[in-house]
Amino acid sequence: MKHVQTLNTKKLQNTVKKGGCGECQTSCQSACKTSCTVGNQSCENNK
Amino acid sequence: MVHQYKMGGYNIVIDVNSGAIHVVDDLTYDMIEMYESSDKNAIFAALEEKYPSQAGDLEEAWQEIQDLIASEDLFSKDNYEPYITDFANRPTVVKALCLHIAHDCNLACKYCFAEEGEYHGKRELMSFEVGKKALDFLVANSGKRRNLEVDFFGGEPLLNFQVVKDLVAYGRSLEEKYDKNFRFTLTTNGVLLDDDIMEFANKEMGNVVLSIDGRPEIHNMMRPFPKGAESYDLIVPKFQKFADSRNQDKYYVRGTFTRNNLDFSKDVLHLADLGFKQISVEPVVAQETDDYALREEDLPQLFEEYENLAEEMVRRHGTDEDFNFFHFMIDLEGGPCVAKRLSGCGSGTEYLAVTPTGDLYPCHQFVGNPDFLMGNVDDGVVNTDLRDSFKSCNVYAKDKCRECFARFYCSGGCAANSYNFHGDIHNAYDIGCALQKKRVECAIMIKAALAAKEGEKE
């Protein structure tokens, strides 16, 4: 595309079928303890 | 839903429901902005006038937008609500505990939500017996989840370090028998940190969080010893040694910024200049009446600070001065699934806090509030109404989140913050939301800038 550059290839819609296993880290255990941030967490199934 | 903004010289378009992130030229940016409110003829007429030299590009840009819509990468629909409702109705398992190993502290930080470690109660340490029951409770209630997280928290957990060591050994003894993998973490102020503790932590702790606020004058103002002595000089060399001994990985130096340091980007850069590579500096959560609490009128300055920090990180990328800032981390390729993104932090359901006497609370921030007592390590969760209330606490239960582009990045925000400001966990803390949105925008701008840098190399 000439006018648009898309930064990611993975679609959230595609995570509906296989998602939700719950093996990933609880967000508050990572560092924050006072806010809620999940966008920066990794999926355990992609490791 | 589409969210678009300009930052750092980039035109960024977030397609919220697909998570797709597009960097576009000015013409396409305006076209997307007008797309839902005007028809093609009106859009073309307006853009021909604004961009006369690009009249020949209009049809091409229009077609690219059509292609993105067809592939569900733009103006995609939110079909997740029934899915998340089903997801929330699944049987509850517990996968993470915050163990309050010590309700006592050797510092007297002025913003401490634990009130110098006491959590509205008395100073006490968790016994091995209580901790053991907590780990047994976790294993028994974790269902098929294999990875179990246990954070040694306080107060200051190193005031009760022998129990930490004994509980790690006990946890390890359960792993093979129950097919579980414990991930232990430690949050410390560093006062009692020594070589033996570092060695133990490097062997057993998947992550350590080291509390330091930044510049000496800022740190010492808010994190003094109980009699007022300064703590910065004592902890900095120890933290530097600890971070190096972990190969600058699997740790965070973590600070809190308040109204006393609205120029907090200087504190982040101070920590980076001390050699730390993993940095988290976060907004204080305080009562409105506290003089150090952030106010709505502070937001413009805080936004500017985040933007400046993001631009500085782009400049430092790939150099020796490069560092990672927790709140700007964003995983565009291997990030969390929709279920994780929309169902909240797990407090009160998957994640519980355990007090020194074995009481269970939804998370560390609710400890000591009798309205939020959920049960104890002997009887398990007995207040199931409270658990169900937390279980229903996802983005679709919060009106403010329904219209927010950042809901897929914060999962509805912190229940404790919401409760502190609105008396209800199903609301959202507005200043926190404003800052969160700005952080997401900055994090994505960094990705755009790094992609552009890569493009230049090729």
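Worth saying up front: this structure is predicted, and the values here are computed from it rather than measured.
Checked by atom type and distance alone, the side chain of Y83(B) pairs as donor or acceptor with a backbone atom of V16(A) at under 3.5 Å. In this structure a side-chain-to-backbone donor-acceptor pair under 3.5 Å is missing from K340(B) to C43(A).
Within the 4.5 angstrom heavy-atom criterion, only backbone atoms of L97(B) (N, CA, C, O) approach chain A. Of the atoms belonging to V150(B), it is backbone heavy atoms, and not side-chain ones, that fall under 4.5 Å from chain A. Within the 4.5 angstrom heavy-atom criterion, only side-chain atoms of S76(B), from C-beta onward, approach chain A. Heavy atoms closer than 4.5 Å to chain A are found in the side chain of Q365(B), but not in its backbone. Both the backbone and the side chain of E72(B) come within contact range of chain A, with heavy atoms under 4.5 Å apart. Residue contact with chain A, scored on non-hydrogen atoms closer than 4.5 Å, involves the backbone and the side chain of A448(B) alike. When heavy atoms are compared at a cutoff of 4.5 Å, N17(B) approaches chain A solely by way of its backbone atoms N, CA, C and O. With a 4.5 Å cut-off on non-hydrogen atoms, A61(B) touches chain A through its backbone and its side chain both. Interface remark: Y29(B) contributes no atoms to any contact with chain A (heavy atom separation under 4.5 Å). Contact annotation for V16(B): only backbone heavy atoms (N, CA, C, O) come within less than 4.5 Å of a heavy atom of chain A. Both the backbone and the side chain of S18(B) come within contact range of chain A, each with at least one heavy atom under 4.5 Å from a heavy atom of that chain.
The CG atom of L12(A) sits 12.5 Å away from atom CG of N79(B), with the distance rounded to the nearest 0.5 Å. For the atom pair NZ of K447(B) and CG of L7(A), the computed distance is 9.0 Å after rounding to the nearest 0.5 Å. Note that OH of Y80(B) and OG1 of T15(A) are 6.5 Å apart. Values are rounded to the nearest 0.5 Å. The line from OG1 of T185(B) to CD of Q25(A) is 7.5 Å long, rounded to the nearest 0.5 Å. The CD atom of Q5(A) sits 12.0 Å away from the CG atom of N11(B) when rounded to the nearest 0.5 Å. Put simply, OG1 on T6(A) and CD1 on I21(B) are 10.0 Å apart, with the number rounded to the nearest 0.5 Å.
Of all non-hydrogen atoms in R145(B) and C21(A), the two that sit nearest each other are NE-O, 3.1 Å. Of all the heavy atoms in A339(B) and G20(A), the pair that sits closest is CB-CA, 3.8 Å. Nearest heavy atom pair, residue E149(B) against residue T26(A), reads OE1-N, 3.0 Å.
Per-residue counts of heavy-atom pairs under 4.5 Å with chain A were compared for K144(B), H364(B), H327(B), R341(B); the largest is that of H364(B). Interface remark: of the candidates Q63(B), E64(B), H22(B), E64(B) forms the most heavy-atom pairs closer than 4.5 Å to chain A. Comparing L27(B), V284(B), D57(B) by how many heavy-atom pairs each has under 4.5 Å with chain A, the most go to D57(B). Listed options K11(A), E23(A), H3(A) were ranked by heavy-atom pairs under 4.5 angstrom with chain B; first place goes to H3(A). Counting heavy-atom pairs closer than 4.5 Å to chain A, the top residue among I330(B), V440(B), L435(B), T187(B) is I330(B).
Residues L332(B) and K10(A) have side chains not in contact (no heavy-atom distance under 4.5 Å, counting atoms from C-beta outward). Residues V23(B) and V4(A) fail the side-chain proximity criterion, which asks for heavy atoms closer than 4.5 Å.
Salt bridge present: K2(A) and E60(B) bring a charged side-chain N and a carboxylate O closer than 4.0 Å.
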